[in-house]
2 protein chains.
Amino acid sequence: MNQIEDMQTFVRIVEAGSITRAAEQLNTVKSAVSRRLSQLEKRLGVSLLTRTTRHHTLTEHGQSYYQQSLRIIEEVAVIEASLLQENCALSGRIRISAPLVFGIEHLSQAFLAFNELHPDIIFDVDFDDKKIDLVEGGYDLAIRIAKLEDSNLIARKITSTRMVLCASQKYLKEYGTPVVPQDLTTKHKKLLYNKAHETWHFIDDKAKSVSIKLPTALTSNNGNFLLESAIKGGGLLNVPDFICYKAIKQGKLQLVLNNYLVHTTIPIYALYPQNRHLSHRIRRLVDFLVEYYGDKPYWLI
Amino acid sequence: MNQIEDMQTFVRIVEAGSITRAAEQLNTVKSAVSRRLSQLEKRLGVSLLTRTTRHHTLTEHGQSYYQQSLRIIEEVAVIEASLLQENCALSGRIRISAPLVFGIEHLSQAFLAFNELHPDIIFDVDFDDKKIDLVEGGYDLAIRIAKLEDSNLIARKITSTRMVLCASQKYLKEYGTPVVPQDLTTKHKKLLYNKAHETWHFIDDKAKSVSIKLPTALTSNNGNFLLESAIKGGGLLNVPDFICYKAIKQGKLQLVLNNYLVHTTIPIYALYPQNRHLSHRIRRLVDFLVEYYGDKPYWLI
DNA sequence: TTTATTGTTCTATTATTTAGAACTTTAAAT
DNA sequence: ATTTAAAGTTCTAAATAATAGAACAATAAA
């Protein structure tokens, strides 16, 4: 009889919305989760959730047990954390939701570096640009590149990225290299990453603000794909610097109107569910990320 | 990792005062308890109690973990109990401390009857007349035949017993049958159960109080032994009625000065540790005992 | 110094838990 | 109405964890 584990399993089933998803998040199979739930119900002698193949509904007992379980799990975590030595080796699974390109290109390095310091940490990273519900997905942590929205999550800024404008020499030869913002006529075309950045803002020589919206040659939600298109001369690219910094350093792309462009800065946040108590290993990981990237991350141009 | 069980084990070690006794109370072997404790300490990364072969001392961490564990165990018990159906089958171990003669003669019947209603209940009864520390001994319940002392235990009266005076015909033939209290000269002798009842109190025909202290022929802390002695004519016996009622019914003993004697009534209590929450099966057992014996128990003469 | 008791460690045994497959059920799609 | 797909349950062999019992070490009391 493992009461805490039963509570954790039950909470995960409720929040994930299904036994199958709970099993995935708990790193096990649905038969194990199904069995745990039915044994728990048998032990308590009450049904906690009425289940059909597609839908779950909490019973009154289930609702009560869910709330109480949340509290107990939290309290036990706080008690154990208060004893754990600050400098002890970290261990356990960390489930993370991370954006695709940034995650694969930049976070994975950082995670590997953290993992070398703490070999008993197991990373379980889902790379996905969709906005995931941290609680429903059972994530400990999410990394988001965006201005902060209102939410019931706690956010900590780990670093930031700037939008830059660039193009390949091939493109610039063909369409002409703009020297002042006004050179960007509709002959030019852009590679669009995100509708939020469709219009570009500049400050011209007379300190006047200039906004320009070029025709779109290509749209994609994948930064790397746009980057490749830009290198092949597909258009002007306005993307976060962490995407194109390497191509620029290697001379595959060059900055365009850099002194005129109003560089939008986008913060990069670590988000975690609003528990009173933040697990030690998560806090240490976020500290590590803040340290790893810093104010002036290596992709800064 | 079973955090609640770890807490329960730790609490039992602390309260029992040793790993060996904790193991006995937990119905397992000391190697299992020792292993659980060392794994818990390993997991938490701190030492909870410094142990030598003879002595244990809680570390600061251990003190804190002990207090917190008590709270959590209690809270989890309350949560689960609030869900458990009132009419569901009872199960689990009940550890009881009971007095020797009353326990074997009377309680064991009642426990067997309860066990027939709830076959999944496992009784673990220690028959011992010594005053046991319920918390230290890890008992769920104790039965005590005595006026209530101050203590941090909760008491519920389940029934009562009266002191009666009796003797065998053999004795009365030899020493004479007293008709009024004044007939009890020092030629008579008593079989002494308990120093508290060395002096006997009567109300004589003139409504006058008479106290008499006879020479002691035999003293024992075991009621059955005194009973056998009395039947063999060893002396006048002043014991609780639950000890001698059968012998009286069978004519082996007969009441002496019954209309003159001031019958001391001794309450019989169920005692349990002062937890905010009384486990359902314990409450049901005590209810059963109250019902089983009632105001007029079957030993009433 | 001896003895008795406590705690630890080791290993074979026992009990529990899990993974994976087969099967059942039900809601959505055709 | 029929088919399809996804979710839940049940079953069993395999993996994992826990336990009992013995042997051993440590230490306080005799």
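Below, chains carry the letters A, B, ... as their sequence lines are ordered, and counting in each starts from 1.
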- prompt: Under the ring pair (Phe, Tyr, Trp, His ring centres under 6.0 Å) test, which residues partner F10(A), sequence neighbours left out?
  reply: Y65(A)

Any residue of residues 24-40 of chain B with a heavy atom less than 4.0 Å from an atom of DNA chain D: T28(B), V29(B), S31(B), R35(B), R36(B)

- line: Sorted by chain and residue number, the side chain to side chain donor-acceptor pair (under 3.5 Å) partners of Y269(B) (sequence neighbours excluded) come out as none

Criterion salt bridge (Lys or Arg N to Asp or Glu O under 4.0 Å) against D6(B), the qualifying member of R35(B), K42(B), R43(B): R43(B)

- prompt: Of the residues in residues 6-16 of chain B, which ones touch DNA chain C at a heavy-atom distance under 4.0 Å?
  reply: none

- line: Rounded to whole Å, the CZ-C1' distance (R21(A) to dG8(D)) equals 13 Å

task: Indicate whether OP1 or OP2 belonging to dT5(C) is found under 4.0 Å from a side-chain N or O atom of S18(B).
output: no

message: Would you say that F123(B) contacts L285(B) through its side chain, given a criterion of any heavy-atom pair below 4.5 Å between the two side chains?
response: yes

statement: Sorted by chain and residue number, the side chain to side chain donor-acceptor pair (under 3.5 Å) partners of N27(B) (sequence neighbours excluded) come out as R93(B)

message: With heavy-atom distances below 4.5 Å as the criterion, would you say the side chains of E80(B) and H280(B) are in contact?
response: no

- request: Check whether any side-chain N or O of R144(A) sits under 3.5 Å from a backbone N or O of K131(A) as a donor-acceptor pair, and report yes or no.
  value: no

field: Residues which pass side chain to side chain donor-acceptor pair (under 3.5 Å) with T9(B), listed by chain and number, not counting sequence neighbours
entry: R36(B)

field: I19(B) CD1 - dG7(C) P separation (whole Å)
entry: 5 Å

- request: Please identify each residue that fulfils side chain to side chain donor-acceptor pair (under 3.5 Å) with R51(A), with sequence neighbours left out.
  value: E41(A)

- request: Mind calculating the distance between CG (N2(B)) and C1' (dT16(D)) to the nearest angstrom?
  value: 15 Å

- line: Residues at least two apart in sequence or cross-chain that pass ring pair (Phe, Tyr, Trp, His ring centres under 6.0 Å) with F288(A), listed by chain then number, are F114(A), Y292(A)

- prompt: Mind checking what makes ring pair (Phe, Tyr, Trp, His ring centres under 6.0 Å) contact with F225(A), not counting sequence neighbours?
  reply: none

Kindly give the atom pairs (protein nitrogen or oxygen, nucleotide nitrogen or oxygen) under 3.5 Å for nucleotides 28-30 of chain D.
none

query: side-chain contact (heavy atoms from CB on, under 4.5 Å) with I4(B): which of E5(A), Q3(A), M1(A)?
result: Q3(A)

statement: Taken to the nearest whole Å, CD/E5(B) to P/dT16(C) is 12 Å

query: Looking at five pairs on each end of the helix from dT1(C)-dA30(D) to dT30(C)-dA1(D), what is the angle between the two axes, given to 10 degrees?
result: 30°

message: Listing request: all salt bridge (Lys or Arg N to Asp or Glu O under 4.0 Å) pairs with a residue in residues 56-73 of chain A, at least two apart in sequence or in separate chains.
response: R71(A)-E75(A), R71(A)-E75(B)

query: Roughly how many Å is it from CZ in R51(A) to C1' in dA7(D), rounded to a whole number?
result: 12 Å

